[in-house]
Amino acid sequence: MTASSGTSSSSDTPSGIPPSGTPASGTAASRSSVSVAATKRFSRGRRSSARRRRRSSALVMVLGLLATGVLWTVLAPGGNAAQTPDANEAVRQGRALYLQGCSTCHGLGAQGTNTGPSLIGVGAAAVDFQVSTGRMPLAAPAAQADRKPPIYSATQIDQLAAYIQSLGGGEEVPKVTDAALNDADLSHGGELYRANCAQCHQAVGQGAPLTYGKFAPSLSEATPVQVVEAMRTGPESMPVFGPRQLNEEDATAIAAYIKHMKEAPSAGGYSLGNYGPVPEGLLAWLVGVGALLGVCLWIGARQKV
Ligand code: HEC
Ligand code: HEC
């Protein structure tokens, strides 16, 4: 279409009005045909310089197009064409699972109802945490959702997470690799754990009751990914620990420390139930001082006789 309009416009240049085609291509074509007519009347030198100018502007245009193409391939968002159908499929499957298992409490569009909060913007991390720890789907309203064996498979959880993520974005499922856990600084993780988590989850993560029938659960079953998800999404009465408070490295160090607490054998002697230094110290005092008192009483009793 552009080729035909170009030739026809150059044939009726006197009028200067291209019969059809876009205005831009029309004016360019008529301008070039005007200059063709003009160069015929001028000297050879003028003609070749005009041609050179035309040639160099064409070169600039080609270079510009090339540069745009290169920039596009370098800077374009990594939209992976091969990945999109899969992602759409996961969202579609996730929506079906959601409508069946979650919409009664969270609403048909995840906007929330009076039996469940809105899930728009909570992100894939919250869904992965809640469903992989079996907290959701909630069986019945209670002070706090309990950890239970999950009822959805890992694939289904990914699909549910993809659907909720597609609604309003939010925190993505964190990637915690074994390599990162192995490289993590355990003593730093221990310091952070004692400063941020131990007041609720206790010294070795055994958990403890909170007020109003709520409780900080034991951390012995949480996977490192669930630990980071809990920090980032703050389930129930647990506070959110965002990346500004605990960056990725800190979060991984805490996860590694919790994993280490679960796996490490006791440092030695009796663990006394791992209740931490204060109760263990207290027990040592009570037993030790009690034994000394007993000895004193025994000596006193013997002297009287
Ligand atoms: C019986 C009602 C009920 C059902 C069914 C249910 N939920 Fe929930 N959900 C709740 C309530 C109530 C809360 C808030 C209390 C809590 O977190 O313990 C909640 C919280 C959540 C949260 C945390 C939101 C946040 O702000 O971090 C997520 C995510 C979630 N639900 C996902 C799901 C998914 C996915 C399903 C389906 C597999 C589901 N829920 C089924 C009642 C329900
Ligand atoms: C204010 C008390 C509080 C603090 C501080 C706290 N948590 Fe929690 N945590 C909770 C409560 C309450 C829950 C249970 C939430 C629920 O069931 O919805 C919980 C749940 C968890 C779980 C899920 C356990 C499981 O297996 O189901 C993990 C993991 C966790 N917390 C890790 C942490 C880490 C790591 C820190 C420190 C960075 C931390 N928590 C700080 C109160 C707290």
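If you read the sequence from its start, that first residue is 1, and numbering goes on from there. Note that the coordinates shown come from a computational prediction; the quantities given were computed from them, not determined experimentally. Just follow the structure's listing: the first ligand is 1, and inside any ligand the first atom is 1.
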Shortest protein contact, atom 37 (C) of ligand 2 (heavy atom only):
Cys197 SG, 1.9 Å
Residues Arg92, Glu89: salt bridge by 4.0 Å N-O rule:
yes
Output for pair (Lys148 NZ, Arg135 CZ), nearest 0.5 Å, gives 9.0 Å
Suppose we only count N/O/S atoms under 2.8 Å; would Met238 qualify as near atom 8 (Fe) of ligand 2?
yes
Closest non-hydrogen atom pair between Ala110 and Leu167, with its separation:
CB-CD1, 3.6 Å
Proximity winner for atom 27 (O) of ligand 1, if only heavy atoms of Cys105, Ala126, Ser237, Gly121 are counted:
Ala126
May I ask you to identify the nearest protein heavy atom to atom 19 (C) of ligand 1, giving residue, atom name and distance to one decimal place in Å?
Met136 CE, 3.1 Å
Under a plain distance cut-off of 3.5 Å, with no hydrogens placed, do Gln226 and Ser132 share a side-chain donor-acceptor pair?
yes
I'd like to know whether ligand 2 has Tyr193 as a neighbour, heavy-atom separation below 4.0 Å.
no
Using a 4.0 Å cutoff against the non-hydrogen atoms of Pro239, which atoms of ligand 2 qualify?
1 (C), 3 (C), 4 (C)
Closest His201 atom to atom 8 (Fe) of ligand 2 [N, O or S only]:
NE2
Minimum-distance N/O/S atom that His106 presents toward atom 8 (Fe) of ligand 1:
NE2
For Ala145, counting its heavy atoms only, list the atoms of ligand 1 lying under 4.0 Å from any of them.
18 (O)
Check the side chains of Asp250 and Thr252 for a donor-acceptor pair under 3.5 angstrom, ignoring hydrogens and angles.
no
Could an N or O of ligand 1 be found under 3.5 Å from any N or O of Thr115, whether backbone or side chain?
no
